[in-house]
Every structure is written in structure tokens, then in C-alpha cells.
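Remarks on the structure that follows.
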Amino acid sequence: MFPANFISAERISAANPAGSKKRILEELAGLLATASEELNQGTVFDKLLERERLGSTGLGHGIALPHARVAGVTQARGAFLQLQSGADFDAMDGQPVDLVFGLLVPEAATEEHLQLLAKLATLFSDEAFCQRLRKAGDSAALLREFIQQEPLPISANG
């Protein structure tokens, strides 16, 4: 099970027009920054970009899992982008990415970070699940897909 308030409809963007890796990370940073009053989009973007420079988080098959450890984050938080069309993300298979899940964890949460990444990678390795995400029409439908796949604690306030 994912942590409490891990994802919410407010941190999901359907049919997002971002068309470049930089723009995708900016969009994710904006969504993730809403998870806590202590966060701001610029700091989150910098942390995501810093991690991305170490190596692409594009897993292949149209999936990317950008992630970062951030000071001031007390609990893991996620955000999700369903892109209008695929974008180059330097994925291992060279394919464009159209499903992007962003993850922030506390700066000292190394084990939790790894466990959440493994859980998300397993979730996104389910081809049928990914196809349902690609067909979902709005943020509420996308959130329902996540909840149906595995009960995720959610919050109306994010």
C-alpha cells in the first residue's frame, strides 16, 4: 500500500500538452509543489532535473518515473501526467513517453524511496493498466484507475 495522501486528483493532469522533457518536468514540479506549503515549483523542478542528469528515468514502453529526494518533504507524494502525445524522454528503448509519474520523498528516505520506485515500476509494467491510463479522459478517471489497480490513500485536499 502507498503512503497516506500519496496522490490526489489535484496532482493528476490528463491530456497534458507538454512536449519536451523540460516542460514535462516543469509540469510535474508544479503539481508536486501543491502537495505541501513548504514546497515551491522551482525547487522541485531543480531536484527533478538534478536527478534526471544522473540518467534518464524513462523506463521504456512510454513510461517515465522522475523522482527526487527533497528537504522539507515529510511524506512521499506523487503526481501523474497523461500526455496528449509522446515526448522524447531519453528512455532506454528510445520510444516516446506519454505516461509520467513523478515522485518526491523525504531527503533521508532512501529505503522508502527505493520501495516506492519498485512498486511504481511494477504497477506500470502492467500493459493493460497502462492502456487504461492512456484511454482515461480526465483526472478523475485517471485517479479511479490508480485506485482500482491498488487502493491508494487519497485526500480531497492533496
Side-chain angles (χ1 to χ4, degrees), residues 1-45 47-49 51-52 57-70 72-87 89 91 96-106 109 112-113 115-158:
M1 184 154 244
F2 289 104
N5 305 320
F6 183 60
I7 191 164
S8 67
E10 294 79 19
R11 292 194 307 271
I12 295 176
S13 178
N16 189 290
S20 70
K21 188 180 208 177
K22 180 180 184 233
R23 188 69 189 129
I24 291 166
L25 294 176
E26 288 171 345
E27 291 284 322
L28 274 179
L31 293 173
L32 287 164
T34 67
S36 170
E37 290 180 14
E38 291 79 31
L39 296 174
N40 69 64
Q41 184 175 359
T43 300
V44 174
F45 173 75
K47 288 294 190 176
L48 291 172
L49 188 60
R51 167 54 190 89
E52 204 62 37
T57 57
L59 301 179
H61 305 287
I63 311 298
L65 294 177
H67 54 279
R69 292 187 299 217
V70 178
V73 171
T74 57
Q75 291 184 326
R77 294 290 184 256
F80 180 73
L81 298 177
Q82 173 207 58
L83 301 177
Q84 283 179 354
S85 58
F89 211 85
V97 163
D98 64 343
L99 300 176
V100 185
F101 196 100
L103 173 66
L104 292 185
V105 295
E112 178 188 18
H113 188 172
Q115 289 173 357
L116 284 169
L117 282 174
K119 189 177 288 193
L120 288 165
T122 299
L123 186 64
F124 283 100
S125 69
D126 181 339
E127 204 170 307
F129 171 67
C130 291
Q131 288 307 318
R132 290 192 305 275
L133 291 177
R134 289 180 172 106
K135 291 178 184 175
D138 58 28
S139 296
L142 286 163
L143 183 59
R144 279 192 302 274
E145 288 300 331
F146 281 104
I147 291 168
Q148 288 171 7
Q149 189 69 17
E150 173 172 339
L152 295 175
I154 60 171
S155 168
N157 298 328

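Side-chain atoms of L32 and V70, non-hydrogen and from C-beta on, never get closer than 4.5 Å to each other. Side-chain contact between F124 and H61: absent, with no pair of heavy atoms (C-beta onward) separated by less than 4.5 Å.
Distance check, rounded to the nearest 0.5 Å: CG of L31 to CG of L104 gives 10.5 Å. With values rounded to the nearest 0.5 angstrom, L143 atom CG is found 10.0 Å from D138 atom CG. Here the straight-line distance linking atom CG of L65 with atom CZ of R51 works out to 10.0 Å at 0.5 Å rounding. Distance check: S8 OG to F80 CZ gives 13.5 Å after rounding to the nearest 0.5 Å. Summarising the geometry, atom CG belonging to L133 is positioned 7.5 Å from atom CG belonging to L123; distances are rounded to the nearest 0.5 Å. The structure places CD1 of I24 at 4.5 Å from CG of L83, a figure rounded to the nearest 0.5 Å.
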- Item | Derivation and outcome, side chain to side chain contact (heavy atoms under 4.5 Å, CB included), residues I7 and I12 | CA-CA 8 Å; I7 191 164; I12 295 176; 3.9 Å; yes
- Task: Please step through side chain to side chain contact (heavy atoms under 4.5 Å, CB included) for the pair V73 and V105, ending with a clear verdict.
- Result: CA-CA 6 Å; V73 171; V105 295; 5.7 Å; no
- Task: Test side chain to side chain contact (heavy atoms under 4.5 Å, CB included) on K22 and L49 and set out the steps.
- Result: CA-CA 8 Å; K22 180 180 184 233; L49 188 60; over 6 Å; no
- Run the numbers on F129 and Q148 for side chain to side chain contact (heavy atoms under 4.5 Å, CB included), then give the verdict. CA-CA 10 Å; F129 171 67; Q148 288 171 7; over 6 Å; no
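For V97 against A64, the heavy-atom pair with the smallest separation is CG1-CB, 3.8 Å. Of all the heavy atoms in H67 and T57, the pair that sits closest is CE1-CG2, 3.5 Å. Contact detail for A33 and L39: the closest heavy-atom pair is O-CB, 3.8 Å. Contact record, Q82 with R134: NE2-O, 3.4 Å, taken as the closest heavy-atom pair. Shortest non-hydrogen contact noted between A14 and L142 is CB-CD1, 3.7 Å. Across all non-hydrogen atoms, the minimal contact from A76 to P106 is N-CD, 4.1 Å.
By the side chain to side chain contact (heavy atoms under 4.5 Å, CB included) test, Q84 pairs with A15, P17, sequence neighbours left out. By the side chain to side chain donor-acceptor pair (under 3.5 Å) test, R132 pairs with E145, Q149, sequence neighbours left out. Residues forming a ring-ring contact (aromatic ring centres under 6.0 Å, His included) with F101 (at least two apart in sequence, or on another chain): F6, F146.
Formation of a donor-acceptor pair under 3.5 Å by the Q41 side chain with backbone atoms of E26 is found in this model.
Of the candidates L99, V100, D98, L25, V100 is the only one forming a side chain to side chain contact (heavy atoms under 4.5 Å, CB included) with L81.
Heavy-atom contacts from other residues, nucleotides or ligands closer than 6.0 Å to CD of Q131 number more than 12.
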